[in-house]
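Residue numbers begin at 1 in each chain, while the letters A, B, ... track the order of the sequences. For clarity, every value in this text was computed on a predicted model and none was experimentally measured.
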Amino acid sequence: MISGFDYIKSNGLKKVFALIVDGVPTDLSAIFSETAKVEAITKEHPLALEIMRHTTAHIMAQAIKELYPSAKIAIGPVIENGFYYDISCEHHFTPEDFPGIEKRMREIIKADYKITREIVSKEDAIKFFSSKNEPFKVELIQDLDVGEVSFYHHEDKFTDLCRGPHLPKTGMASVHFDIMKVAGAYWRGDSNREMLQRLYATSWFTKEELENYINLLEEAEKRDHRKIGKEMGLFHLQEEAAGSIFWHPRGWTLYRTLRNYVRKRINEDGYVEVCTPQMVDRVLWEQSGHWEKFRQNMFISESEGKMHAIKPMNCPCHIQIFKQGTKSYRDLPLRMAEFGCCHRNEPSGSLYGTMRVRSFVQDDAHIFCTPEQINSETKRFCKLLSRIYKELGFESFSVKFSDRPEKRVGSEAIWDLAEDLLQKAVREVGLEYTINKGEGAFYGPKLEFVLKDKLNRDWQCGTFQVDFNLPERLGAWYTGEDGEKHHPIMLHRAVLGSLERFIGILLEHYAGKLPMWLAPVQIVVATITNDYDAYAQKFFDALVTAGIRAELDLRAEKISYKIRNHSLAKIQLMAIIGENESTNDTITLRKMDGSQQSLSFSAAVDFLKEICKEP
RNA sequence: GCCGAAAUAGCUCAGAUGGUAGAGCGGCUGAUUCGUAAUCAGUAGGUCGGAGGUUCGAUUCCUCUUUUCGGCACCA
């Protein structure tokens, strides 16, 4: 048997963070057989950063315990870009405390304490943390279904419960970290339990990486759709209608353009569009089961002794249309779409710009079909969605498949069928997917489509859910080939999700510089002096006739002023009209980056028609 | 909903240990007609988020409340 330290020494390895012994990540202190398969984790290894961050999280906990002895520590995991530690403390942490904690952390790193692992029996571990007045650790250990746990000691200065592995000494942790923010977080993610203080930190091997990350955050802040929406004059929100959007002319133009584009695509794909009531008697929601489950989140209106709910979704209404008259298997699949405005009383703390609102419109549709049609409808939808995402400028998206949850309705046979059909269909259209075990809806399995934006952030937008419950609950049926009555399968689907949210995503993805066909103002025609107003007006009129969304700026301002003005509003193209243009019957088109080209009057109109063309 | 922070002119922000506020941009008026990201001058504009309380006096201190921001929880 040899130790990890022996191993790296005999192999002449340096700066090893940890080892992977027979496939299991372990500390350098681990003892293992000479014949074991060993891999050294150095800086380049994918696990290295994670291990380093984890140790840094412990160092932060140690620093906090030393500076605030009354602090009780909970958990401190690694997350994307860094780590956090949850702490219960009488002292309310503020960003002013961060430099002090960071300073102490750097001292701990400099002190280069040895980090050692110790195996402790469950009983002793509980005793130890009880004596240290660490109730969260005690609870964690109590809930572990094992006989012994491992401790990590920073010499005699600090001890934490942890599975590891960790760096062999604190001096190996990177000093390129930054405590970012403090926020509340429920103990064990349970909203009924104590709220702890969560300190978030980011940590990197090099200063450069840390700076890159900070820059990325700054870039994300610049792209914030709330900020860009204001700069572009798209919408506003105000106190009297929290969670609902006031769309301004430019914003509403974007909204309508996006909606009409989707409308065109689904129309081509064999959908019919409907419009259903905004308010529906509670009886229908009781039948659908929503009243029982979501009553808290529904807006209610009462009149003449009747209680209505403002619709939180469209599906029960679509079933009402389906139920009109009789349906035969020949009517299926029936693809029923609606850009219906839905209201959900979202918790106040969850509201976020246009991304999470109480009043929104989904590009919603329900496909009524037979079980045999699930496969072809799934494929059809995947193709539609792929095309729409691509045309909107999203190069890649991923698919998640959620299978049967514990609490569910429907027979095992139909779940088997639906899950198989769904997965098979996704494979057949050539999409890769990952499985979200047990995450399906109670009424059926589902697919979720996740977009990646230019900042590499994920946004779950599309959804495709098989439902073999609601049509039955609401009494929808069709006559099959066999002459018998059958309940149709209902497929709930959306490509963009909510338009409000999707517009937010688009704004952040493009940093406001939308593709021309989506831009609310495609061009501003601006004159250099008022002598050329007539020529500018003529060009502007030609553009409007050609269906271009143009605006005319005849103000007696300098051209540089106008350029700055419109550039700040993210207008990407301007027509500059001065003496040259007017005398030569040309148009100078200027892009936001300053590049420009001169075209004849008619060529300019054609050019604009071309670049503003909707896909 | 929970924890924490914030709210001052249309926007971005400054400010006073309690004596009713200030800048830049924007608006308006006038002048300027000037070729690629801010022309000059003048002027108007604020119950300092809302409601109570303490005080001779509150935008400032206290309580409540609304909204926003950062997270957590939630998201049919």
If you look at every strand shown and take non-hydrogen atoms under 4.0 Å, does [X] touch a base, only sugar-phosphate, or nothing?
| X | value |
| --- | --- |
| Lys230(A) | sugar-phosphate |
| Arg226(A) | sugar-phosphate |
| Phe442(A) | nothing |

Classify every nucleotide of nucleotides 30-43 of chain B by which part a protein heavy atom approaches to under 4.0 Å, writing B for the base, S for the sugar-phosphate alone and - for neither, in 5'-to-3' order. --BBBBBBBB----
When you check every protein heavy atom under 4.0 Å of nucleotides 1-6 of chain B, what one-letter string (B, S, -) results, 5' to 3'? BBBS--
Note: Glu508(A)-Lys227(A) ion pair, threshold 4.0 Å (strictly below): no
Can you list the residues that meet the ring pair (Phe, Tyr, Trp, His ring centres under 6.0 Å) rule with Phe246(A), with sequence neighbours excluded? His236(A)
Salt bridge (Lys or Arg N to Asp or Glu O under 4.0 Å) partners of residues 78-101 of chain A, not counting sequence neighbours, each pair once: Asp86(A)-Arg198(A)
Tell me, which pairs form a salt bridge (Lys or Arg N to Asp or Glu O under 4.0 Å) where one or both residues lie in residues 343-362 of chain A, sequence neighbours left out? Glu346(A)-Arg356(A)
Just the rounded figure in Å: distance from [atom2] of [N] to [atom1] of [X].
| X | N | atom1 | atom2 | answer |
| --- | --- | --- | --- | --- |
| His290(A) | A76(B) | NE2 | P | 10 Å |
| Asn297(A) | A73(B) | CG | P | 17 Å |
| Glu194(A) | C72(B) | CD | C1' | 13 Å |
| His225(A) | C69(B) | NE2 | C1' | 13 Å |
| Glu286(A) | A76(B) | CD | C1' | 17 Å |
| Ile310(A) | A76(B) | CD1 | C1' | 17 Å |
| Met355(A) | C75(B) | CE | C1' | 15 Å |
| Gln238(A) | C11(B) | CD | P | 11 Å |

Compare side-chain N and O positions of Lys181(A) against OP1 and OP2 of G70(B) and report whether any pair is under 4.0 Å apart. no
By side chain to side chain contact (heavy atoms under 4.5 Å, CB included) - contacts of Lys181(A) (at least two apart): Tyr200(A)
Decide whether Ser498(A) and Gln362(A) meet the rule of one side-chain donor and one side-chain acceptor closer than 3.5 Å. no
Is it the case that the side chains of His492(A) and Asp467(A) hold a donor-acceptor pair, with the cut-off being a distance below 3.5 Å and no angle test? yes
Would you measure the distance from the [atom1] atom in [N] across to the matching atom in [M] and give it in whole Å?
| N | M | atom1 | value |
| --- | --- | --- | --- |
| U63(B) | U54(B) | C1' | 11 Å |
| G27(B) | C11(B) | C1' | 11 Å |
| G18(B) | C13(B) | P | 26 Å |
| U60(B) | C75(B) | C1' | 40 Å |
| A6(B) | G49(B) | P | 13 Å |
| G30(B) | C48(B) | P | 33 Å |
| C25(B) | U59(B) | C1' | 24 Å |
| C62(B) | A38(B) | P | 45 Å |

Taking the side chain as every heavy atom from C-beta outward, state whether Met180(A) and Leu217(A) have any atom pair closer than 4.5 Å. yes
Quick check: on RNA chain B, is the nucleotide nearest Lys293(A) upstream (toward 5') of the one nearest Gly189(A), or the reverse? Name the residue that is more 5'. Gly189(A)
Listed by chain and number, what are the side-chain hydrogen bond (donor to acceptor under 3.5 Å, both in side chains) partners of Ser359(A), not counting sequence neighbours? His343(A)
Using the side-chain hydrogen bond (donor to acceptor under 3.5 Å, both in side chains) criterion, which residues pair with Glu50(A)? Sequence neighbours excluded. none
All N/O donor-acceptor pairs, side-chain side in residues 67-79 of chain A, below 3.5 Å, sequence neighbours left out:
none

Output a table of donor-acceptor pairs, distance under 3.5 Å, between side-chain atoms of residues 520-527 of chain A and any protein atom two or more places apart or on a different chain; print 'none' if there are none.
from, atom 1, to, atom 2, distance (Å)
Gln522(A), OE1, Arg549(A), N, 2.7
Gln522(A), NE2, Met516(A), O, 3.1
Thr527(A), OG1, Lys562(A), NZ, 3.3

Check: C75(B) base within 3.5 Å donor-acceptor of Arg356(A) side chain: yes
Both distances under 3.5 Å, Watson-Crick or G-U wobble: on that basis, could you give the dot-bracket string for RNA chain B, with [ ] for crossing pairs and | for other-strand partners? (((((((..((((.....[..)))).(((((.......))))).....(((((..]....))))))))))))....
Sequence neighbours left out, what pairs pass ring pair (Phe, Tyr, Trp, His ring centres under 6.0 Å) with at least one residue falling in residues 560-585 of chain A? none
